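For reference, the structure discussed in these notes is given below.
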Amino acid sequence: MLENLDPITQAVRIQTERSQQNEHSTPLYLTSSFIFEEAETMRGAFADENDANIYSRFSNPNVDEFIAKMVMLEKAEDGFATATGMAAIFGTWMALLSQGDHMVCSSSVFGSTFTIVNKFLPKYGISCTLVASEDKEAWEAAIQPNTKMVYLETPTNPQLEVLDLEWFGQFSKKHNLILAVDNCFATPLLQRPIEFGADLVIHSATKWIDGQGRVLGGVVVGRADLIKDIYLFCRNTGPALSPFNAWVLSKSLETLDVRMERHCKTALAVAESLQSNPNVSWVKYPFLKGHPQYDIAIKQMSAGGGVLCFEVKGGVEAGRKFLDSLQLFSVTANLGDSRSIASHPASTTHSKLTEEERLAVGITPGLIRISTGLEKFDDIIADINQALELTK
Ligand SMILES: *Cc1c(COP(=O)(O)O)cnc(C)c1O
C-alpha cells in the first residue's frame with residue numbers, strides 16, 4: 001500500500017517490521033549481530049541466498065529503515081548508509097574507482113572532499129581534474145580515455161553556486177561516465193539529481209537530514225549495480241552507520257518536509273531583507289533573482305534551501321566583529337540545524353589559505369555564511385541587523 005503514496009508520506013510511514021511488543025514507533029536495535037535458529041539459514045545468509053541480518057557492520061534494521069526512506073525520497077533503486085557524509089563519499093570512490101582511473105570534479109566542493117581528491121586519491125593512482133563549475137568547454141576538455149566518474153555538489157558550500165544538473169546528466173551520459181552528486185544542501189525535498197540523470201546521490205545526513213545538530217551520518221543512493229559494489233566495499237572495510245544514529249536520522253526524516261519549508265521561507269526572507277542593508281555589499285541565495293544561476297536554480301530546485309551568504313562591508317575585521325556581535329545565533333562549524341548558525345570562512349575554515357587562494361574559491365574577506373534555523377523570523381533578522389549595525 002505504501003509504495004503508491006507520496007515519498008513524503010513514505011518518509012513518515014516506512015517502518016521496520018514490528019516486534020512482538022507491537023510498538024508504534026520503531027525500537028532501537030542495538031545489537032552487533034543476529035542469531036540463527038538453524039545452521040542452514042545462517043549458511044544461506046552468508047551465501048546471499050536470503051537477506052537475513054548477520055552482523056551490524058553489514059546491515060541492521062534501524063539502518064535499513066533509514067536507507068529505505070532515503071531511496072524513496074531520492075527515487076533511487078538502492079542505497080547504503082555510512083557513519084559520516086565523508087565516509088559515503090570516500091567509500092563511493094574507493095569502491096568504484098581503480099588505479100589508473102580518472103575523475104572530473106567540480107572545483108567548488110566541500111573542504112574535506114577537496115582534500116581527499118588532492119591528497120589521498122593520488123596515493124592510490126586515481127587522478128582527478130578539477131574544473132570550474134561554469135566552464136562547459138573545460139568540462140568537455142577534461143575528459144580522458146580513462147575517465148570514469150563526474151563528481152559535483154549543488155548548491156555549493158559556501159559560495160552557493162548552482163550547477164546545471166540537466167546539462168551534467170546529458171554530459172555524463174554522452175561520455176558514458178558515472179555521475180555522482182552531493183545533494184547535501186538541497187535535500188531530496190528540494191532537488192532530486194536522479195531525475196536529471198545522476199547515477200548516485202550522496203548526503204551528509206549530519207546536516208539538514210538530522211536537522212538538529214545531534215548525530216553524524218551519511219548515505220549514498222542510486223543505481224542498484226553501483227550500490228552493490230559500494231556495499232561490498234563498505235561491508236568489509238567498516239564505515240557502517242550506528243543503529244542509534246540511524247534511528248535518530250530515520251525519525252528526523254518524518255519532519256524533513258515541514259522543517260525545510262520553514263528553513264527555505266526564512267532564508268529567502270533574510271536574503272531579501274539583507275539586499276537593502278547599507279552594511280552589506282552583496283547577498284547570494286539561489287532563489288534571489290540576482291543570483292548568477294537563478295534560472296538554473298528555479299529549473300531544478302523547488303525552493304532555495306536554508307543557507308545564504310553575504311559580504312559584510314569592511315573586510316576580515318568586519319566579518320569577525322559581526323560574529324562577535326551576534327546574540328541569538330550560534331557560531332559553530334555546522335549547518336542545517338534548528339538553531340541559526342553564522343560562520344566567517346576567511347578567518348576560520350579557510351584561514352590557512354592565502355588571500356589569493358581564498359579568492360580563487362570565492363571566499364571574500366567579509367563573506368558570512370548563514371544557516372537559518374527554526375527560530376521566529378523576526379528574532380533572526382533582528383539579531384543579524386543589530387550585529388551589522390555594530391560592524392560599521
Ligand atoms: C558537511 C558536508 C559533507 C561532509 O559530511 P560529514 O557528515 O561531516 O562527514 C559533505 N558535503 C557537504 C556539502 C557538506 O556540507
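It should be emphasised that the depicted structure is a prediction, and the values quoted were computed from it without experimental measurement. Atoms within a ligand are numbered from 1 in the order they appear, just like the ligands themselves.
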Give the intermediate values and the outcome of salt bridge (charged side-chain N to carboxylate O under 4.0 Å, His left out) for residues Lys228 and Glu77. CA-CA 11 Å; Lys228 190 167 174 234; Glu77 293 171 3; over 6 Å; no

Can you run down the side chain to side chain donor-acceptor pair (under 3.5 Å) pairs that involve residues 321-342, sequence neighbours left out, and say none if there aren't any?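 Residue pairs passing side chain to side chain donor-acceptor pair (under 3.5 Å), neighbours aside: Ser340-Glu375.
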
Is the distance between the ring centroids of Phe322 and Phe310 under 6.0 Å?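 Here the rings of Phe322 and Phe310 have centres that are less than 6.0 Å from each other.
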
Residues forming a ring-ring contact (aromatic ring centres under 6.0 Å, His included) with Tyr55, sequence neighbours excluded: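 ring-ring contact (aromatic ring centres under 6.0 Å, His included) check on Tyr55 returns Phe58.
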
Quick one: which residue pairs count as a salt bridge (Lys or Arg N to Asp or Glu O under 4.0 Å) with a foot in residues 123-132, not counting sequence neighbours?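 Listed once each, the pairs would be none.
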
Would you mind listing each N/O atom of ligand 1 next to any protein N/O under 3.5 Å, plus the distance?
from     : atom 1 : to     : atom 2 : distance (Å)
ligand 1 : 5 (O)  : Ser204 : OG     : 2.9
ligand 1 : 7 (O)  : Gly85  : N      : 2.9
ligand 1 : 7 (O)  : Ser204 : OG     : 2.8
ligand 1 : 7 (O)  : Thr206 : OG1    : 2.6
ligand 1 : 9 (O)  : Gly85  : N      : 3.1
ligand 1 : 9 (O)  : Met86  : N      : 2.9
ligand 1 : 11 (N) : Asp182 : OD2    : 2.7
ligand 1 : 15 (O) : Lys207 : NZ     : 2.7

Side chains of Lys69 and Ser250: is there a donor and an acceptor less than 3.5 Å apart?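 Yes - a donor-acceptor pair under 3.5 Å links their side chains.
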
